[in-house]
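In what follows, chains are A, B, ... by sequence order, proteins preceding strands, each numbered from 1.
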2 protein chains.
Amino acid sequence: MSDRLRKYLTHFIELTDLEWQALEQQLTIKTINKKDFLVQKGQKTTQIGFLLSGSCRVFYEKDGEEWTTYFCFENSLVAAYLSCITGQPSTLSIQALEDCQLLLFDYQTLTALYQQFPVYETFGRKLAEYLFMGLDVRLAEQLILSPEERYLKFLGSPAKRKIIERIPQQYIASYLGITPVSLSRIRRRIIPV
Amino acid sequence: MSDRLRKYLTHFIELTDLEWQALEQQLTIKTINKKDFLVQKGQKTTQIGFLLSGSCRVFYEKDGEEWTTYFCFENSLVAAYLSCITGQPSTLSIQALEDCQLLLFDYQTLTALYQQFPVYETFGRKLAEYLFMGLDVRLAEQLILSPEERYLKFLGSPAKRKIIERIPQQYIASYLGITPVSLSRIRRRIIPV
DNA sequence: TTAATTCCTTATCTTTTGTTAAGGAGCTGA
DNA sequence: TCAGCTCCTTAACAAAAGATAAGGAATTAA
């Protein structure tokens with residue numbers, strides 16, 4: 001089970017058995033149901049999850065409206081990473097869109113490993129770089145593309161096809177930064193009949 | 001002169017003289033004039049600059065329109081960091097808004113230091129985390145705030161007052177993700193006479 | 001099976017933004 | 001000094017998005 005996390009980490013670093021076991025010992029497993037929250041706005045949460053199955057949405061809430069920053073699926077990490085770094089209460093929330101099974105470890109566990117094994121410091125750097133890259137691209141799209149162009153790009157991304165198949169359209173609208181009504185209009189415009 | 005960079009780095013890490021000198025040796029100094037480009041879209045640029053004086057804007061260009069992601073001032077780093085990480089040609093451009101004096105070093109220099117001194121690996125992690133934090137906040141604002149709210153928040157940020165004083169309003173509009181005309185209307189709306 | 005719920009679409013109206021063009025204030029350089 | 005340039009504002013119109021409400025299809029639960 002935890003092998004899947006170990007394999008995921010090889011995208012970033014190579015671990016000896018000893019190094020891996022140091023992390024593996026700290027893992028816990030958790031199941032959450034659809035609509036349950038992994039993180040709630042205002043909470044101090046430093047847990048980092050690895051999704052074995054299911055999916056989540058990460059979103060900001062303001063005035064009762066929810067704006068999605070990204071979606072997470074199986075075999076990827078999910079966390080309020082900003083909150084982990086700053087130690088401040090999270091400004092975002094994470095909710096299960098399907099029943100989820102997760103491996104969990106704490107950010108403190110990770111920082112402790114930074115001291116013990118240089119390879120984990122490298123992992124921390126590459127992870128932050130990876131998250132930075134994702135946000136950089138996301139922000140650029142939000143700035144230079146119109147809502148319609150953003151939706152077309154979303155459709156054109158193979159990695160996001162599965163999102164469309166598994167995620168209610170209202171959340172895709174919230175990801176694109178528009179209302180569900182507006183997305184519905186865009187769809188009619190670009191997919192005539 | 002380079003002392004100012006050393007002092008800046010103490011926000012992230014503490015360096016011994018030996019560690020600092022390893023980087024200091026690699027520094028070059030550069031002067032660029034207002035409107036000159038530090039990075040042009042499409043270029044492979046892995047230079048990292050530390051602004052001793054002046055200011056720059058970092059922006060994406062599409063269909064002749066330019067959208068600013070952030071502004072840089074003296075005593076801060078400026079780079080196409082995404083391009084550094086990926087090794088791909090830069091998708092963004094960096095232009096001087098005032099005459100600038102910079103200390104420059106290459107991203108390769110930094111990664112070489114990762115191998116030699118663990119403290120630089122830590123710096124690399126903290127730098128990536130810092131950049132991630134900036135983007136996370138920026139994206140959230142872009143998603144949950146209206147253009148008018150974004151401008152009000154911009155006005156309310158002490159760190160950004162100097163931007164307003166030194167930067168033409170059209171670039172602030174481009175940072176807010178709206179046209180200069182639209183910003184002008186917002187200003188009339190919120191600052192009645 | 002039926003009722004309730006969720007989710008998407010559509011319509012109408014309002015608000016906001018984009019587009020284009022014109023004009024004026026202020027700075028800059030010959 | 002004066003012409004040119006940059007930058008901001010304003011106006012008029014078009015395009016797009018938000019708000020609200022209604023209706024229907026599909027799924028879920030009793």
Side-chain angles (χ1 to χ4, degrees), chain A residues 33-36 55 57 59-68 71 95-99 141-155 162-193, chain B residues 33-37 55-57 59-68 71 95-99 141-155 162-193:
Chain A
N33 296 320
K34 182 174 175 174
K35 298 198 179 174
D36 284 352
S55 56
R57 68 186 175 111
F59 64 97
Y60 287 95
E61 184 271 331
K62 184 187 168 252
D63 301 336
E65 293 189 318
E66 298 176 345
W67 300 105
T68 302
F71 299 104
Q95 186 185 32
L97 290 171
E98 303 169 309
D99 294 344
E141 286 181 5
Q142 205 65 27
L143 281 176
I144 71 182
L145 300 181
S146 67
E148 182 169 325
E149 289 170 324
R150 292 203 289 275
Y151 182 62
L152 285 169
K153 180 149 191 181
F154 197 94
L155 285 180
K162 67 176 172 189
I163 298 181
I164 292 175
E165 286 152 22
R166 286 167 64 175
I167 306 281
Q169 191 171 298
Q170 59 182 309
Y171 298 130
I172 295 173
S174 127
Y175 177 90
L176 297 172
I178 56 178
T179 61
V181 174
S182 189
L183 177 55
S184 207
R185 277 190 294 232
I186 287 172
R187 283 165 54 82
R188 185 176 35 172
R189 227 157 47 210
I190 65 177
I191 316 169
V193 181
Chain B
N33 296 320
K34 183 174 174 173
K35 298 198 179 175
D36 283 352
F37 283 84
S55 57
C56 298
R57 68 186 175 111
F59 65 97
Y60 287 95
E61 184 271 332
K62 182 184 170 253
D63 301 335
E65 294 188 319
E66 298 176 344
W67 300 106
T68 302
F71 299 104
Q95 187 184 31
L97 290 170
E98 303 169 309
D99 294 345
E141 286 181 6
Q142 205 65 28
L143 280 176
I144 70 182
L145 300 181
S146 68
E148 181 169 326
E149 289 170 323
R150 292 202 290 274
Y151 182 62
L152 285 169
K153 181 149 191 179
F154 198 94
L155 285 179
K162 68 176 171 189
I163 297 181
I164 292 174
E165 286 153 22
R166 286 165 66 176
I167 305 280
Q169 190 171 297
Q170 59 182 308
Y171 297 131
I172 295 173
S174 126
Y175 177 89
L176 298 172
I178 56 178
T179 61
V181 174
S182 189
L183 178 55
S184 206
R185 278 189 296 231
I186 288 172
R187 283 164 54 82
R188 184 175 38 170
R189 223 154 54 207
I190 64 177
I191 318 168
V193 179

Expressed as a whole number of angstroms, how long is the span from A:I172:CD1 to C:dT6:P? 19 Å
Once salt bridge (charged side-chain N to carboxylate O under 4.0 Å, His left out) is applied, do any residues pair with A:E65, and if so which ones, sequence neighbours excluded? none
Residues forming a side-chain contact (heavy atoms from CB on, under 4.5 Å) with A:Q170, sequence neighbours excluded: A:P168, A:P180
Could you go through B:S182 and B:R185, starting from their C-alpha distance and side-chain angles, then the distance that decides it, and tell me whether this counts as side chain to side chain contact (heavy atoms under 4.5 Å, CB included)? CA-CA 5 Å; B:S182 189; B:R185 278 189 296 231; 4.1 Å; yes
Take the C1' atoms of the five end pairs on each side of the helix from C:dT1-D:dA30 to C:dA30-D:dT1, derive the two axes, and give their angle rounded to 10 degrees. 40°
In whole Å, I'd like the distance from the NZ atom of A:K35 to the P atom of D:dT28. 11 Å
Check the distance between C:dT17's C1' and B:I190's CD1 and give it to me in whole angstrom. 16 Å
Report the residues that fulfil side chain to side chain donor-acceptor pair (under 3.5 Å) with A:K34, sequence neighbours left out, ordered by chain and then residue number. none
Taking A:L152's backbone N and O only, do any of them form a donor-acceptor pair with A:E149's side chain (distance below 3.5 Å, no angle check)? no
Distance-only donor-acceptor pairs under 3.5 Å for side chains of residues 171-178 of chain A, two or more places apart:
from: A:S174; atom 1: OG; to: A:E66; atom 2: O; distance (Å): 3.3
from: A:S174; atom 1: OG; to: A:T68; atom 2: N; distance (Å): 2.8
from: A:S174; atom 1: OG; to: A:T68; atom 2: OG1; distance (Å): 2.6

Which residues pass the side-chain contact (heavy atoms from CB on, under 4.5 Å) test with B:N33, sequence neighbours left out? B:D36, B:D99
Suppose we screen for side-chain contact (heavy atoms from CB on, under 4.5 Å). Which residues come up paired with A:K153, at least two apart in sequence or across chains? A:E141, A:L145
Figure out the CG/P separation between A:N33 and D:dT28, and round it to whole Å. 15 Å
Output yes when a side-chain donor or acceptor of A:Q95 lies under 3.5 Å from a complementary backbone atom of A:K35, and no otherwise. yes
Using the test ring pair (Phe, Tyr, Trp, His ring centres under 6.0 Å), find all partners of A:Y60 that sit at least two apart in sequence or belong to another chain. none
Sequence neighbours left out, what passes side-chain contact (heavy atoms from CB on, under 4.5 Å) with B:E98? Give chain and number order. B:S55, B:R166
Hey, what are the protein-to-nucleotides 26-29 of chain C N/O distances that come in under 3.5 Å?
none

Base, backbone or nothing for each nucleotide of nucleotides 8-24 of chain D, written B, S, -, heavy atoms under 4.0 angstrom, 5' to 3'? SBBBB----BBBB----
From CG of B:L176 across to C1' of C:dG18 the rounded distance in Å is 16 Å
